[in-house]
Amino acid sequence: MPEGPSILILKELVQQFKHKTVAEATCNNKSLDASLLVDKRIIDFKSWGKHFLICFPKFTVRIHMMMFGTYRINTHTAKPPRLGLRFTDDTELNFYACQLQLITEPLDKAYDWQADIMSDHWSSRKAIKKMKADPDLLVCDALMDQHIFSGVGNIIKNEALFNARIHPESLVSALPPKKLTEMINEAVKYSFQFLEQKQAGTLKKNWKAYHKKECPRNHVPIIRKDTGKSHRTSFYCEVCQKLYK
DNA sequence: GCGGTTGTTCCCAT
DNA sequence: CATGGGAACAACCG
């Protein structure tokens with residue numbers, strides 16, 4: 001479910017609930033007092049990377065799908081939802097296996113919109129500045145850092161590095177400036193391709209490195225390795241992805 | 001039944 | 001105190 005593009009799809013699908021008033025709200029754990037939402041009107045839906053935001057006049061509900069989060073629109077599953085919303089016109093919106101958080105401060109204070117890779121406010125310059133602050137930073141960790149590349153997940157990381165021909169264990173500080181820019185551009189580009197391919201139902205079939213057996217460029221085996229401080233699996237080609245160190 | 005996973009946070013040992 | 005490992009959580013697939 002997660003990674004930024006999937007959250008944009010969710011945002012699109014729930015537009016029908018914008019401006020609707022919550023008639024009934026339930027939460028199946030203690031993370032949120034659902035009664036706060038009753039009789040409140042949804043004024044907007046926003047997102048920041050993997051965060052999905054339901055905006056009410058005086059507060060925002062943050063939903064993070066983590067690995068396994070799901071949702072149902074105008075239907076529900078047998079299990080009670082983590083967050084269930086029923087509206088005054090009897091439509092419903094349900095979220096499962098997600099993390100909830102109430103945000104009461106202004107959103108502009110809570111979020112750096114320039115860090116959201118799929119936002120109109122995305123700033124490559126700022127990302128470069130953040131990365132250069134750590135001389136030991138590996139590219140695989142940089143791309144997974146939500147403060148730098150909010151919305152990038154393990155799929156986008158691996159596909160972007162493959163497309164940019166950069167080995168995941170390369171040092172950010174060892175990349176020539178042009179190469180660093182290329183990496184960022186590939187991450188942005190693939191994020192939007194991810195969105196289109198997911199909507200078309202062709203996401204998996206277009207993967208070039210992620211969970212692949214061999215490199216589509218030269219047919220040597222794709223390496224699968226636990227990489228970086230983030231210890232997330234990288235899939236890469238040792239032959240065509242250069243190690244900068 | 002088990003292992004793996006599009007993610008993150010927290011606890012504890014070092 | 002910074003770092004890192006492991007656990008915890010959660011759901012589905014093969």
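All chains are named by letter (A, B, ...) in the order of the sequence lines, taking the proteins before the strands, and each is independently numbered beginning at 1. A quick note: this is a predicted structure, and the numbers were derived from the prediction, not measured.
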Reading 5' to 3' and counting Watson-Crick or G-U wobble pairs with both distances under 3.5 Å, write the dot-bracket notation for DNA chain C, | for bases paired outside the strand.
.||||||||.||||
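Between A:His51 and A:Trp48, the angle of the ring planes goes over 60°, which puts this pair in the perpendicular group of the 30/60° scheme. The aromatic rings of A:Tyr190 and A:Phe194 sit perpendicular, their planes meeting at an angle over 60°, well past the 30° parallel limit.
In this structure, the CG atom of A:Leu138 is 14 Å from the P atom of C:dT3, given to the nearest Å. Atom CG of A:Leu100 and atom P of B:dT9 are 14 Å apart (whole Å). In this structure, A:Met66 places its CE atom 20 Å from P of B:dG4, rounding to the nearest Å. Straight-line distance from the CG atom of A:Asp145 to the C1' atom of B:dG7: 13 Å, rounded to whole Å. Atom CD in A:Gln99 sits about 17 Å away from atom P in C:dA8, given to the nearest Å. As rounded to whole Å, 21 Å separates atom P of C:dC9 from atom CD1 of A:Ile63. As rounded to whole Å, 8 Å separates atom C1' of B:dG4 from atom NE2 of A:His211. Rounded to whole angstrom, the span from the CG atom of A:Asp141 across to the P atom of C:dG4 amounts to 10 Å.
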Do A:Leu143 and A:Met183 pass the side chain to side chain contact (heavy atoms under 4.5 Å, CB included) test, and can you show the C-alpha distance, the side-chain angles, and the key distance before you say yes or no?
CA-CA 9 Å; A:Leu143 285 167; A:Met183 181 186 88; 4.2 Å; yes
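Between A:Asp145 and A:Lys130, no side-chain nitrogen of the basic residue sits less than 4.0 Å from a carboxylate oxygen of the acidic one, so the salt-bridge criterion is not met. Salt-bridge annotation for A:Glu169 and A:Lys225: present, with a side-chain N of the basic residue lying under 4.0 Å from a carboxylate O of the acidic one.
Defined by atom type and a distance below 3.5 Å, a donor-acceptor pair is missing between the side-chain atoms of A:Lys242 and A:Ser170. Donor-acceptor pairing under 3.5 Å is lacking for the side chains of A:Asp116 and A:Gln114.
Residues from residues 146-165 of chain A placing a heavy atom under 4.0 Å of any atom in DNA chain B, listed by number, are A:Gln146, A:Gly153, A:Asn154, A:Ile155. Near DNA chain C, defined here as any heavy-atom distance below 4.0 Å, the residues from residues 228-237 of chain A are A:Lys229, A:His231, listed numerically.
Of the inter-residue distances, the one linking A:Asn28 atom CG with A:Leu83 atom CG reads 9.5 Å to the nearest 0.5 angstrom. Note that the CD atom of A:Glu24 and the CZ atom of A:Arg86 stand 4.5 Å from one another [nearest 0.5 Å].
When each of A:Thr21, A:Leu93, A:Asn74 is tested with A:Phe87 by the rule side-chain contact (heavy atoms from CB on, under 4.5 Å), just one qualifies, namely A:Leu93.
More than 12 heavy atoms of other residues, nucleotides or ligands lie within 6.0 Å of NZ in A:Lys18, so this atom counts as buried by the packing criterion.
Using a 4.0 Å heavy-atom criterion, one finds that A:His51 contacts no nucleic acid atom at all.
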